[in-house]
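Okay, structure first, notes after.
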Number of protein chains: 2
Amino acid sequence: MANIQEVAKKAGVSVATVSRVLNHHPSVTPKTRVKVENAIRELNYEPSMLGRNLRNSESRLLLVLIPSISNPFYTEIINGIQTTAIKHRYNILLCETNSDPRRENIFFNMVRNKLADGIISMDPTINKQKLTELAEHHSVILCSEYMEDGSIPYVTIDNERAAYQAVKHLIILGKKKVALINSDERFLYARQRRRGYEKALTEFGIPITDAFIYNTNELNFHDGVQAMRMLLRTGEKPTAVFAVSDTLAIGALKEINASGLKAPEDIAVAGFDNISFSNMSNPTLTTIAQPMYKMGATAATMLINQIQSKQVESIVLEHELIIRESTMG
Amino acid sequence: MANIQEVAKKAGVSVATVSRVLNHHPSVTPKTRVKVENAIRELNYEPSMLGRNLRNSESRLLLVLIPSISNPFYTEIINGIQTTAIKHRYNILLCETNSDPRRENIFFNMVRNKLADGIISMDPTINKQKLTELAEHHSVILCSEYMEDGSIPYVTIDNERAAYQAVKHLIILGKKKVALINSDERFLYARQRRRGYEKALTEFGIPITDAFIYNTNELNFHDGVQAMRMLLRTGEKPTAVFAVSDTLAIGALKEINASGLKAPEDIAVAGFDNISFSNMSNPTLTTIAQPMYKMGATAATMLINQIQSKQVESIVLEHELIIRESTMG
DNA sequence: TTGAAAGCGCTAACAT
DNA sequence: ATGTTAGCGCTTTCAA
């Protein structure tokens, strides 16, 4: 692999001139430019990012932290991030943490070591303290899951209000016994969505029953099946279910079906996220749509601004209740 | 961010000694080692990968190229890659190309520039020629989709035989009119699976009808719906469908349902990949299971061996036909 | 055992 | 307009 020296020699110029051509510096004669360009082509030369980055202390690489690639929720967000990043000549690298702290550390260090210019974290399981430390000297944006102290800029939606609206929708349909399939409440979004659920029940004078609340370990289909199975075993069966993710909701639908019950007649079901599969399930799923692409695009814009030392403000985006067959069969 | 100089000064030693401590070089007195370690801790020092990589020409980073994160097929493969990489002190970065050649180029250059040590490509849309060029001087492994000339080591399954088995399964059920929903046949796997389909038909003396073969642009749910819609418009409706991906098959199921038909009674459906959703559809989907985790793990092992200049051989792994409700209701 | 110094590939300040 | 050169942070050879 040729380096800048060899190109300079071949073109009969100095390395500085080669560098200028590389960086489109205006002060280069067309004639020398051509000479250099020819040499570059002949030698198949590609500038080393390593040398360049070391010198410039910038890599134009952004890290995107996700707990798991298998969660379809992230797909559109990443799309938004990527498109925005490219528009600003940045590239993104996806980092799957699998909620493993060691892996987290590696990615944090990539930023410390200037191998990447900043991080967008969508990982609710992330070590908040370490991230805050990193954010003191480096560019960090939170997307979707955030920290209430506001120490790190974020883009998110109003989880509490969204959950409230979904549950209210179920209640208005005449369903009084609304169950909640929630995830681990050590996550902020889970606590917020629970608050929304409770607020809706309270508003309609419906008591909050522990037997109607089930917390899953993860957000997989199978957790939804399991949760629904447990809820159906309670003395009084629920007539509606609000699940905090579509994958859970689809699992719940499956179990309802397997028990010989019908959605929405026997049990209405609402999910959260509006993943593409929520339109493929049978029945199709009522859910809360988050503006995923926009969330991603916003997060990327914020991060790039932060890297360029501009002031950034946290943003709460609008969501939307999408009514489909699982509640309005 | 402190650098090695400051650590050296603080510890009252030379940078060389600090470097030796960092790299666990045996020839350092325990006493000096402690001095240096203290300085490192006090300054919160983290060695710069940039400097280190520039010097060592290695990054211990592996790139994984996928066309799109939204395809669940890749999930388990990536899991296998990641677990294996970590075991060998490598880290992986996911690179979504979106089939955009410019993005491809950026990732290729990351390898050329030593920002990454090698690439595992799972992208069927990749520029074969550029990849071959890259592979001449760098470590590259193909996973799933590969090149028949064998110029780049690969790990894959026998697509033709797998498709043959799936279609044979449909025929044995008594379905004579078997349609094929294939993707773009510029991809090797698509051509191979078509060959398997044709081989099964031929073996049972069933003529191959163009009207029963539909090629989609992409592998999304919606393409499956569209494909099925077209197939249902043919004069003679098919009684079975083999789709080359589960997402397509689930789309086909949806359309069958929407037309008031029943799977498998009216039309049996088989997919390919055994993605997690294939067990969540209604009816659950008969499909070909690829050993995804093993494929990923194998690809990672091969890549790491190649980086270490060991000899690597291409591997064809075993698949399995999983029979579920969509063919055996 | 430790230190001095060269050099990995590049950019930019300064000089011409 | 172009060249010379220092230096980004690190590792490693050579010398002490």
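FYI, side chains are in, hydrogens and waters are out, and symmetry mates aren't considered; it's all heavy atoms of this structure. Bear in mind that the values here come from a model prediction, so they are computed numbers and not experimental data.
Here B:Thr29 reaches the OP1 or OP2 of C:dT2: one of its side-chain N or O atoms lies under 4.0 Å away. In terms of phosphate contacts, A:Thr32 brings a side-chain nitrogen or oxygen within less than 4.0 Å of OP1 or OP2 of D:dT2.
A salt bridge does not link A:Lys130 to A:Glu104: none of the charged nitrogens lies less than 4.0 Å from a carboxylate oxygen. Checked for salt-bridge contact, B:Arg60 and B:Glu58 meet the test: a charged N lies under 4.0 Å from a carboxylate O.
Residues B:Thr156 and B:Tyr189 have side chains that never bring a donor and an acceptor to within less than 3.5 angstrom of each other. A donor and an acceptor atom, one from each side chain of A:Thr97 and A:Ser99, are nowhere located under 3.5 Å apart. In this structure, a donor-acceptor pair under 3.5 Å is absent between the side chains of B:Asn91 and A:Arg103. Side-chain N/O atoms of A:Arg102 and A:Asn105 include no donor and acceptor closer than 3.5 Å. Residues B:Ser59 and B:Asn53 have side chains that never bring a donor and an acceptor to within less than 3.5 angstrom of each other. Side-chain N/O atoms of A:Asn113 and B:Ser48 include no donor and acceptor closer than 3.5 Å.
Both B:Val28 and B:Ser57 lie near DNA chain C, and the one whose nearest nucleotide falls closer to the 5' end is B:Val28.
Interface residues of residues 34-44 of chain B facing DNA chain D, ordered by number: none; criterion, heavy-atom separation under 4.0 Å. DNA chain C is contacted by no residue of residues 109-116 of chain A, taking any non-hydrogen atom closer than 4.0 Å.
The CG-C1' distance, from B:Leu54 to C:dT11, rounds to 13 Å in whole Å. Between B:Glu6 atom CD and D:dG9 atom P the separation is 8 Å, expressed in whole Å. Taking atom CG of A:Asn53 as the reference point, atom P of C:dT11 lies 10 Å away to the nearest angstrom.
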List, with names and distances, any nitrogen or oxygen atoms from the protein found under 3.5 Å away from nitrogen or oxygen atoms belonging to nucleotides 10-14 of chain D.
residue : atom : partner : partner atom : Å
D:dC10  : OP1  : B:Tyr45 : OH           : 2.4
D:dC10  : OP1  : B:Ser48 : N            : 2.8
D:dC10  : OP2  : B:Ile4  : N            : 2.4
D:dC10  : OP2  : B:Tyr45 : OH           : 3.4
D:dT11  : OP1  : B:Asn23 : ND2          : 3.2
D:dT11  : OP1  : B:Arg52 : NE           : 2.7
D:dT11  : OP1  : B:Arg52 : NH2          : 3.2
D:dT11  : OP2  : B:Ser19 : OG           : 2.8
D:dT11  : O2   : B:Arg55 : NH1          : 2.4
D:dT12  : O4'  : B:Arg55 : NH2          : 3.3

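Here B:Leu50 lies out of heavy-atom contact (under 4.0 Å) with every strand.
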Before you tell me yes or no, could you show the steps for B:Gln82 and B:Asn79 under side chain to side chain donor-acceptor pair (under 3.5 Å), namely the whole-Å CA-CA distance, both residues' side-chain angles and the distance that decides it to 0.1 Å? CA-CA 5 Å; B:Gln82 182 133 304; B:Asn79 219 325; over 6 Å; no
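For A:Ile157 against A:Val316, the heavy-atom pair with the smallest separation is C-CG1, 3.8 Å.
No donor-acceptor distance shorter than 3.5 angstrom exists from the side chain of A:Thr83 to the backbone of A:Gly80, with no hydrogens or angles considered.
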